[in-house]
There are 2 protein chains.
Amino acid sequence: MLDHTDLKIIQELTHNSRMTMKELGDKVHLTGQAAATRVAKLEEQGVVEGYTVKVNKKKIGYAVHAFITVMTQSTSHHPYLNFVETQTKHVENHYKISGEGCYMLECRFVSHEQLDQFLVDLNRHANYKLSIVINHQSK
Amino acid sequence: MLDHTDLKIIQELTHNSRMTMKELGDKVHLTGQAAATRVAKLEEQGVVEGYTVKVNKKKIGYAVHAFITVMTQSTSHHPYLNFVETQTKHVENHYKISGEGCYMLECRFVSHEQLDQFLVDLNRHANYKLSIVINHQSK
DNA sequence: GTTTTTACTTGATTTATGAAAGGATAGAAT
DNA sequence: ATTCTATCCTTTCATAAATCAAGTAAAAAC
């Protein structure tokens, strides 16, 4: 289904999704047209879900990066889930997890004050453990 | 420094970083050239750090997604940090955190067996708590 | 062994990009 | 008020890339 060339294409686009199909073709030893056809196929298959940009969040004012492990005490998760729905401004990722806690939130905030307010609001629906990111490296 | 148009540009590129500068210009009411100039400036400023692709990891064989909170018992973190360096294949993100634990790893594995082996290796340097992702939604 | 499918290339046309030049606007100095 | 300057934008045009339509070749199906 996916051959070596497809994986190479994914790898190249991961490093720079704005490269031209001609450039991509050169990297994987295909013409630009052939590369474009492969990419279109990867999109159809749902392997490639979209293209995005890596933004330096600090530089756009979001200095605080936090992971919040959520322990819902009530039998129904709905109040909590509804709350999360209202917080799209801060919630970057929402994971349902096994292990300690039921959910984990990856969030961004302008300030600790904003984080504090979020935690106050969150605590009306669930208990939590907070981990603030001091430093980060991605591969 | 960053005006409303810049933020709109970042938003648009976040949703689709492969759109042409002409399209982007249309979205933010500029010519393609003006949009391209702004994007170039955002790159120079380090606000835009790069362009990447959203890949469905399951479809390329990485079925297991886990967060691992790491508690290093030894006074020196170096053995652990050196270990992490060797695991770039699995470690997608490495966070230094405050809160419970010293570090948090976001990892991908083909199988639970592979995860198990990773944990065995990790445990030679540090203790950990495991959270496996059951479901995920990003904004 | 022929047909069909798949993956690629080539060539022509449309479209986007990048560079250079010019125009509008706002703020500061005179 | 006027001029200077800087910034940001648009327009124009040459170049490069993307797209579309055939056409080819090799592998797979029958």
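None of these values were measured; they are calculated from a predicted model. Note on naming: letters A, B, ... go to the chains in the order of the sequence lines (proteins, then strands), and numbering restarts at 1 for each one. Scope of the values below: all heavy atoms of this structure, side chains included, with no hydrogens, waters or symmetry mates.
Within a 6.0 Å sphere centred on NE2 of A:His15, other residues, nucleotides and ligands contribute 12 heavy atoms or fewer.
Judged purely by atom type and a 3.5 angstrom limit, B:Asn123 uses its side chain to pair as donor or acceptor with the backbone of B:Ala126. A donor-acceptor contact shorter than 3.5 Å is absent between the side chain of A:Thr72 and the backbone of A:Ser74. Under the 3.5 Å distance criterion, the side-chain polar atoms of B:Asn82 are matched with a main-chain donor or acceptor of B:His78. A:Asp6 places a side-chain N or O within donor-acceptor distance of the main-chain N or O of A:Asp3, the cut-off being under 3.5 Å.
Remark: C1' of C:dA7 and CE of A:Met1 are 17 Å apart, rounded to the nearest angstrom.
Defining each end axis of the helix from C:dG1-D:dC30 to C:dT30-D:dA1 as the rotation carrying four pairs' C1' atoms onto the next four, with five pairs an end, the two axes are found to diverge by 30° to 10 degrees.
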key: Under 4.0 Å protein heavy-atom contact, by nucleotide of nucleotides 8-22 of chain D - B base, S sugar-phosphate only   = SSSBB----SSBB--
ask   = Once each nucleotide of nucleotides 24-29 of chain D is scored for protein heavy atoms under 4.0 Å, what B/S/- sequence comes out, 5' to 3'?
value = ------
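For B:Lys129, the salt bridge (charged side-chain N to carboxylate O under 4.0 Å, His left out) partners two or more places apart in sequence, or in a different chain, are A:Glu100, B:Glu100. The ring pair (Phe, Tyr, Trp, His ring centres under 6.0 Å) check on B:Phe109 picks up B:His90, B:Phe118, with sequence neighbours excluded.
Residue pairs meeting the salt bridge (charged side-chain N to carboxylate O under 4.0 Å, His left out) criterion with at least one member in residues 56-78 of chain A, sequence neighbours excluded, are A:Lys57-A:Glu92.
Put simply, the side chain of A:Gln117 does not reach to within 4.5 Å of the side chain of A:Glu113, judged on heavy atoms. Side-chain atoms of A:Leu42 and A:Leu2, non-hydrogen and from C-beta on, do get closer than 4.5 Å to each other.
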